[in-house]
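Worksheet: one structure, shown below.
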Amino acid sequence: MYKISKEFSFSAAHSLFGLSDDHPCSRLHGHNYVVTVHLRSKELNKQGFVRDYTELKIVKEYIDTRLDHRNLNDILSPLNSSAENLAKMLYDVFKPRIPELYAVEVSETPKTSAIYEPECE
């Protein structure tokens, strides 16, 4: 199995509901997010790639136009704008256009990340 990944970054704000009022994430705050798309394939294409990295510009374009400098609560509503929900949303957006996609990872800080990877494909 061959695997590749590519990172994308953006800045956005959000607040999480269902937390106590004194929880810092219940207030509007921002993150410098890093999104990593993970692709895999049993075979390489004729150029020797899982997929050409330049073909992943659709991810950058989506992030730049739909997520960057936005309030993620508006985008993910009615779901909570957690990293977990954002990872699944991005997976669902890109899986039909990138068949090799098997997981999406979203990091809100350098020390934390959430990964969405479906159990079965």
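Residues meeting the side chain to side chain donor-acceptor pair (under 3.5 Å) test with Asp64, sequence neighbours left out: Lys60. Partners of Ala114 by side-chain contact (heavy atoms from CB on, under 4.5 Å), not counting sequence neighbours, listed by chain and number: Ala83, Glu84. For Tyr2, the side-chain contact (heavy atoms from CB on, under 4.5 Å) partners are Leu44, Val50, not counting sequence neighbours. Residues meeting the side chain to side chain donor-acceptor pair (under 3.5 Å) test with Thr109, sequence neighbours left out: Thr112. For Asn73, the side chain to side chain donor-acceptor pair (under 3.5 Å) test picks out Ser15, Ser81, with sequence neighbours left out. Partners of His31 according to the side chain to side chain donor-acceptor pair (under 3.5 Å) rule, which considers only residues two or more places apart in sequence or in another chain, are His14, His29. Among residues two or more places apart in sequence or in another chain, the side-chain contact (heavy atoms from CB on, under 4.5 Å) test is passed with Arg97 by Ile58, Phe94. Annotation: side-chain contact (heavy atoms from CB on, under 4.5 Å) contacts of Ser20 (sequence neighbours excluded): Asp22, His23.
Think of Leu19 as one node in a network of Ile, Leu, Val, Met, Phe, Trp and Tyr side chains linked at under 4.5 Å; its network also takes in Leu16.
Summarising the geometry, atom CD belonging to Glu108 is positioned 8.0 Å from atom OG belonging to Ser82; distances are rounded to the nearest 0.5 Å. From Leu28, atom CG reaches atom CG of Leu72 across 10.0 Å, with rounding to the nearest 0.5 Å. Distance check: Leu101 CG to Glu117 CD gives 10.0 Å after rounding to the nearest 0.5 Å.
When the side chains of ILVMFWY residues are joined at heavy-atom separations under 4.5 Å, either directly or via intervening members, Leu76 and Ile115 end up in two distinct hydrophobic clusters. Phe49 and Ile98 sit in two unconnected hydrophobic clusters of ILVMFWY residues. Membership requires side-chain heavy atoms under 4.5 Å apart, directly or through other members. If you chain together hydrophobic residues whose side chains sit under 4.5 Å apart, Tyr91 and Leu79 never meet in one group. Hydrophobic clustering keeps Val34 apart from Val59 (ILVMFWY residues linked when any side-chain heavy atoms are closer than 4.5 Å, directly or through intermediates).
Heavy atoms of other residues, nucleotides or ligands lying less than 6.0 angstrom from CZ of Arg27 number more than 12.
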Begin with the C-alpha distance, continue with both residues' side-chain angles, and end with the deciding distance and a verdict on side-chain contact (heavy atoms from CB on, under 4.5 Å) for Val37 and Leu90. CA-CA 9 Å; Val37 293; Leu90 291 169; over 6 Å; no
Tell me, with the steps shown, if Tyr33 and Leu67 meet side-chain contact (heavy atoms from CB on, under 4.5 Å). CA-CA 10 Å; Tyr33 288 89; Leu67 302 179; over 6 Å; no
Apply the test side-chain contact (heavy atoms from CB on, under 4.5 Å) to residues Ile63 and Val35: give CA-CA distance (whole Å), side-chain angles for both, the deciding distance (0.1 Å), then the verdict. CA-CA 9 Å; Ile63 287 172; Val35 172; 4.1 Å; yes
Distance-only criterion, 3.5 Å: show the donor-acceptor pairs between side-chain atoms of residues 3-12 and protein atoms not counting sequence neighbours.
unit_1	atom_1	unit_2	atom_2	d
Ser11	OG	Asn32	OD1	2.7

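Within the structure, the side-chain hydrogen bond (donor to acceptor under 3.5 Å, both in side chains) test picks out the following pairs touching residues 43-54 (sequence neighbours left out): Asn45-Gln47, Arg51-Glu55, Arg51-Glu100, Asp52-Thr54.
Nearest heavy-atom pair, Pro78 versus Phe17, reported as atom, atom and distance to 0.1 Å: O-CZ, 3.6 Å.
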